[in-house]
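Working notes for the structure below.
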Protein chains: 2
Amino acid sequence: MTTMGDVARIAGVSASTVSHVLNGTRKVNAETRLRVEAAIEETGYRSNVVARALAGGRTHTVGLSISALTNPYFGGLVHAVERALSDAGYVLIVGDSHDEVDSEKRVVDSLLGRRVDGMIVAPAAGSERATLPEITGTGTPLVLIDRGADIAADQVSAENLDAARSLTEHLLDLGHQRIGVVRGKPGISSTTERFDGHLAALTGRGIELDDDLVLDGDSNTDTAEREVRALMSSTDRPSALVSMNNAMTIGTLKAVRSLGLSIPGDVALVCYDDFEWSDLFEPKLTAAAQDVDTIGATAVELLLRRMRGDDAAPQRIQVPTAFHHRNSCGCG
Amino acid sequence: MTTMGDVARIAGVSASTVSHVLNGTRKVNAETRLRVEAAIEETGYRSNVVARALAGGRTHTVGLSISALTNPYFGGLVHAVERALSDAGYVLIVGDSHDEVDSEKRVVDSLLGRRVDGMIVAPAAGSERATLPEITGTGTPLVLIDRGADIAADQVSAENLDAARSLTEHLLDLGHQRIGVVRGKPGISSTTERFDGHLAALTGRGIELDDDLVLDGDSNTDTAEREVRALMSSTDRPSALVSMNNAMTIGTLKAVRSLGLSIPGDVALVCYDDFEWSDLFEPKLTAAAQDVDTIGATAVELLLRRMRGDDAAPQRIQVPTAFHHRNSCGCG
DNA sequence: CTGAAAGCGCTAACAT
DNA sequence: ATGTTAGCGCTTTCAG
C-alpha cells in the first residue's frame, strides 16, 4: 500500500506538500500540484483515514446505537441518517442495542473507543443512568433519536402525544366506549407519551381508564399477539383497539385474525406507525405515520451543529405525525 | 482524554506494560497488573482504537455496501451481519449504494480509505468492472452477498433458480398457461437467476415465453405498479402473475387492487420474497422465503475465515429458500 | 511557496 | 518480568 511518503518521493516534494494538496489546506504552486497529482494517479494512492484521524484528532465518523434493525421503522431511520451523514462527508457505524442497557453499553463503549466524532442514540430504558452519562462524560456530541431522556442533549422524535390522542379520539367519535390499548416497550418515552395521549383522550371525554383494557406488548410481536388474543377472547372484550407501534400492530392483527374476528366488524383498530403497504393489509390500516426521513435528517443536522462547536441550549424537536384515515377504524 | 501514557505513569510502569495487560499479550506480574488495572479504573481510561489500528495494522472494522436500507429484506440482512460481526469483536460500517455503480464506488472508496479489515458487498449491476476489482486490488478480503458476480471471491446468496422455478411450476400445476412475470433490477444475478427459473418451468412444460408477459419492475415499487397495471388492463391479460422480489410484490398488489381485480379470483399470484406479515395481506401471500439470518451469518463466517488468512478457492454458497404455501395462488 | 520535524496514542521488536 | 525504542501514516506548527 503506497503511503504519502511514497507519493512525495515520486513527485519530488515533501510529505507535507502532498498533504496540503490533498486537503487544500494551503496554497501550492500550480506546477507542483500537478506533479503531486500525477504521482497520486500513477500510484493509485489512497489516503489512510486511520492515520489522518490519529494525527488530526477527528475520525469523520458518527456512531448510531439503534434497537432493532429488523423493524422497518428503524430501517428507514438508519437509511435517512446514513444519507444525511454521507452527504456531509461522514461515515456511519451502527450498533444494535436490542433495546437493552447491557448491549447498549457495549455498543456505546465500542463506539467511544473508536473515537466517533458524534453519536446518535435511540436510548434503551434506563439509559439515563448508565450509558448516556458515559457519552456526555467524554464530551462527545450526542443527539437522542426516537425517544427522549432526561438529560441535557438534543433530542428528536416524532410527535407522540397528540398523535396518539387523535387516534383514540377518533375511536371515541365513532361511539366506542371500551377501547383496548396495546403498549410498546415500557420505560421509553415514546411508549409513555403515546399512552398519555390515549389517556388524555379518554379523560377528555370523561371516561375512566379500565386497567383490564391496557395491554403490555413490550414492543414484541409475539407478546402482543398473546396479550391481544387473551383480551379478545374474554367475554367482556372491547369494541376497539389502539396499537401503539408497528410491531404491536402485526401482533394485534395476527391475534384478531386467529380468533376469526373481523376488523372493523367485530373490533375497530387504529395504529400508531404506518407501513408503506398499510393499504394492502386486510383491512387497510388507519394509522398515524411518523416522518422518518425528517426525523433522521434533523437528528444529523443537530449533531453536525454540535460537532461544529455550537453550545446553545439543547433542543427537543418533535416532528409532526400524519394521520392516515383508512378502513380499519370502521368508517372508511 | 487520558492516554496509555497517563495510566502508565500513575501505575508506575511503562506504556508497553499497560498495553500488554490490556491485550493479554504477554505475561505480567499479578501485582503490577493490579496496579495497572487500578490506574485504569481510577482514570476511566478507554483505549484509543484509532491509534491501536494505526500501530497494529488492523482496524477491527468491516464495511458493508448495501443497496436499500429501506427494504425490509436488506434491513434483516444488515441486522444479521451486524450481530455476527459484533459477536466476533468487529464493528460494522454501512454504506448505501442505491444499487448504482457510482455511489457504490463512493461507498467502497470511503471504506477502503478507512482500511476496513474486510468487506461485504451486495454488488450493483456493472460492479465487476468498476468497484469489485478495486477492492480485490487492495487485497482486502471480500465476500459478495445477495448477488453473485463473475470474480474470484466468496459469494453467498439465497437459492434463486430452483425456488423461482417452483413458484412458476406451482402456477402451471394449477392450470395457468399465460403467466406474467415481474422482474427486478436488470443486470444483477438474482434477477437473472430467478427469471431463468421461471423460464425453466415454462420450457419444462413445453410452453414458449411470451415477451408481452415479462415486465421489468426495476426493483422499484412504483415502476412495478405501473407495469402491472398496464399489463392487467390489456384485453389479453394473464391469469397469473409471479413477482420476483418484495418491492415488486408491493407494486403488483397495489396495481391489481387499484384495478379492482381480486386475487386469486381474477388473477393468481406467487412471490419470491416473504414478509413477516405475509399472511396479513389480502390475500395471504404464497411466497418463497429467503433465509436472511443464515445468509448474513454465512457471509460473515466466510469473511472472517479469509481475514484469518485462509486462501482456499472461493466458495459460492446458496442458502435454501423456503416455500410458503398460502392463498394468493388460488389453492389455499 | 515549501520543507523539516514533532507528535497523535498505540504496538511490537529488541533489550535487559 | 518489564522497559526502551522505533515506527504506523498522517497533520501541523515552525522555519526558511
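Each chain gets a letter, A, B and so on, in the order its sequence line appears, and its residues count up from 1. Here the structure is a predicted model, which is why all the values come from computation and not from measurement.
Of all nucleotides listed (C:dG3, D:dG3, D:dT11), C:dG3 comes nearest to the side chain of A:Val13. Proximity note for A:Ser16 (side chain, C-beta onward) versus C:dT11, C:dG3, D:dG3: the nearest is C:dG3. Closest contact between the side chain of A:Thr17 and the listed nucleotides C:dC10, C:dG3, D:dG9 involves C:dG3. For A:Met4, taking side-chain heavy atoms from C-beta onward, the closest of the listed nucleotides D:dC10, D:dT12, C:dG3 is D:dC10.
At the heavy-atom level, A:Val50 lies nowhere under 4.0 Å from the strands shown. Among the atoms of the strands shown, base atoms are found under 4.0 Å from some heavy atom of A:Ser19.
Note: B:Leu54 CG to B:Arg52 CZ = 12.5 Å, rounded to the nearest 0.5 Å.
Listed by residue number, the members of residues 25-37 of chain A with any heavy atom below 4.0 angstrom from DNA chain C are A:Arg26, A:Lys27, A:Val28, A:Asn29, A:Thr32.
Between A:Asn48 and D:dC8 there is no side-chain polar atom (N or O) within less than 4.0 angstrom of OP1 or OP2. Side-chain nitrogen and oxygen atoms of A:Ser14 include at least one within less than 4.0 Å of the OP1 or OP2 phosphate oxygen of C:dG3.
Checking B:Asp291 against B:Thr294 by side-chain atom types alone, a donor-acceptor pair falls below 3.5 Å.
Rounding to whole angstrom units, CZ of residue B:Arg58 and P of C:dG9 are separated by 23 Å. Whole-Å rounding puts the A:Arg115 CZ to C:dC8 C1' distance at 11 Å. Rounded to an integer number of Å, the gap from NE2 of B:His20 to P of C:dG9 is 20 Å. For A:Asp6 and D:dC10, the CG to C1' distance is 13 Å, given to the nearest whole Å. Rounded to whole Å, the distance from CG on B:Leu54 to P on C:dT11 is 11 Å. Distance B:Arg52 CZ to D:dG7 C1': 17 Å, rounded to the nearest Å.
Aromatic ring orientation, B:His60 versus B:Tyr90: tilted (interplanar angle from 30° to 60°).
Here the shortest heavy-atom pairing between A:Ser47 and B:Arg115 reads O-NH1, 3.7 Å.
Classification of A:Lys185 and A:Asp99 as a salt-bridged pair fails, no side-chain N sitting under 4.0 Å from a carboxylate O. With respect to B:Arg106 and B:Asp102, no salt bridge is recorded, no charged nitrogen being found less than 4.0 Å from a carboxylate O. A salt bridge links A:Asp109 to B:Arg46: at least one charged side-chain nitrogen sits closer than 4.0 Å to a carboxylate oxygen.
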